[in-house]
There are 2 protein chains.
Amino acid sequence: MSSQEPIADPSLDARKEQIKRAALRVFAEQGLSGTKMSMIAAEAGISQGLSYRYFKSKEEIFTLLVEEALEAAQAAIDRLPDLPGTPTDRIRAFTANMLDASHKRYFLLLQQAQKSEEAPERVKQLIERYSAQETLNRLAPILVQGQQAGEFCEGDPERLLLLYLSVITGLMLQDANAPEGYWLQEIDRLMKILQN
Amino acid sequence: MSSQEPIADPSLDARKEQIKRAALRVFAEQGLSGTKMSMIAAEAGISQGLSYRYFKSKEEIFTLLVEEALEAAQAAIDRLPDLPGTPTDRIRAFTANMLDASHKRYFLLLQQAQKSEEAPERVKQLIERYSAQETLNRLAPILVQGQQAGEFCEGDPERLLLLYLSVITGLMLQDANAPEGYWLQEIDRLMKILQN
DNA sequence: GTCTATAATGCGATAGAC
DNA sequence: GTCTATCGCATTATAGAC
């Protein structure tokens, strides 16, 4: 393993990951401007200036995390059509997946990024391109399938889904304080919104 | 009308109100740290330093707005038991009221204040005291009434309400971009969560 | 009463010791 | 590789002109 190896030094990567995970926890709750580098350092248990040995700036960490979040979201949606079961089963699985601890933080981060005026330009572009509309486009066929099967109520699929996604968003915001998995058992209640 | 009159100079009050309303619009979307005094000034159409003739600090404006928001929320809830109609009608009215433009901004402000670590101490106290638990306590009787009448599904009233309030929160976050009243017609869909 | 210019402060980012 | 000390800039807040 020479130093020209594209795979970086393991301990370097480990440190970077540690800082990124700490940053995600703070960014997801406090947003970009509400997060001070000192908070990330404290959360990671390192000194204030060390993050800059691994990342150029606060915005670089934020952007990197947004990219990861979008990839994770897209991956979760891509897996959906292959899942077994009825459309109801798939939407249920999708909901449970979003409420899962790790995805929850990513989702909150995307929410923060979406509202923030001071987000880096690249983040704004990525969000606009992939976040809301893409998710709708990919979920819509599943919903339509369910409508045709009589599992879901009639109505504009995109509007229904936007309503449903908003609802999940609200739950995750509250859930930030709640114990892990607190809302999982309420998924079927949520899905009543889509049914009739 | 002497200058010792507790009612201040009308034009002074008008200016203060103008700045506060501008600040509310920005705070509700960008949070405390995401809002720069220059943004409030721009939103109000005044110069950068003028706000300090009317308020001591950014935090003072924020705190004042949080107090107003809590009063408005409490007033809205206090009126509920006197409303005519079934418990379903009352919850529907409550929901519509929250989604109304002016209350929406107050509600988003409270959300921002609740999550923010850098909120003034007084704000944290007020929020903890009045916001979540108080709302639940006052709404719970109406829900229980509806459960006894068979309008709502069974289950822990506080948990059900927390779920429902979370859902409204999510809707308001999305709604920030949507046209006024966009979600009003979906209220009955939302209320399916509480029904059976 | 309002604006522009400036002081004070807090934070992002860097440099240098270990 | 990590920490502490410091620089420079953005932003809060004030002062002084009109």
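Within every chain, numbering begins at 1; the chains are lettered A, B, ... in the order of the sequence lines, protein sequences first and strands thereafter.
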Checklist entry - From dC3(D), dA13(C), dT12(D), pick the nucleotide closest to the side chain of Q48(B)? => result dT12(D)

Item to check | Out of dC3(D), dT12(D), dA15(D), whichever nucleotide has its closest atom nearest the side chain of R53(B) | outcome: dA15(D)

Item to check | Minimum-distance nucleotide (side-chain atoms of Y52(B) versus dA13(C), dT12(D), dC3(D)) | outcome: dT12(D)

Checklist outcome for this item: L32(B) CG to dC11(C) P, in whole Å, measures 12 Å

Item to check | Student check: side-chain heavy atoms of Q148(A) and V144(A) closer than 4.5 Å | outcome: yes

Checklist outcome for this item: Closest to the 5' end of DNA chain C, once G49(B) and S38(A) are matched to their nearest nucleotides, is G49(B)

Checklist entry - Atom CD1 of I40(A) to atom P of dC11(C): distance rounded to whole Å? => result 13 Å

Item to check | Length of the CD1-C1' vector between I61(A) and dG12(C), whole Å | outcome: 11 Å

Checklist entry - Which nucleotide in the set dT12(D), dC3(C), dG12(C) lies at the smallest distance from any side-chain heavy atom of K36(B)? => result dT12(D)

Next on the checklist: Can you measure L50(A) atom CG to dC3(D) atom P for me and round it to whole angstrom units?
Outcome noted: 5 Å

Item to check | L136(B) vs L165(B), side chain to side chain contact (heavy atoms under 4.5 Å, CB included): CA-CA, chis, key distance, verdict | outcome: CA-CA 9 Å; L136(B) 288 184; L165(B) 289 175; 3.8 Å; yes

Next on the checklist: I'd like to know if the side chain of T63(A) reaches the main chain of E59(A), judged simply by a donor and an acceptor atom lying under 3.5 Å from each other, with no hydrogens or angles considered.
Outcome noted: yes

Checklist entry - Going through the checks in order, is the side chain to side chain contact (heavy atoms under 4.5 Å, CB included) test met by L80(B) and L139(B)? => result CA-CA 8 Å; L80(B) 271 193; L139(B) 286 180; 3.4 Å; yes

Checklist entry - How is T35(B) classified with respect to the nucleic acid when contacts are heavy atoms under 4.0 Å: base, sugar-phosphate, or nothing? => result sugar-phosphate

Item to check | Y54(B) side-chain proximity, nearest of dT14(C), dG1(C), dT12(D) | outcome: dG1(C)

Next on the checklist: Just the rounded figure in Å: distance from C1' of dG1(C) to CD of Q18(B).
Outcome noted: 13 Å

Item to check | Gap between atoms CD and P, on E59(B) and dT12(D) respectively (whole Å) | outcome: 11 Å

Item to check | Atom pair distance, as rounded to whole Å: CD1 in I19(A) and P in dA13(C) | outcome: 14 Å

Item to check | Whole angstrom value for the distance that separates P of dG12(C) from CD of E118(A) | outcome: 11 Å

Checklist entry - Under 3.5 Å, side chain of K36(B) to main-chain N/O of S33(B), donor-acceptor pair present? => result yes

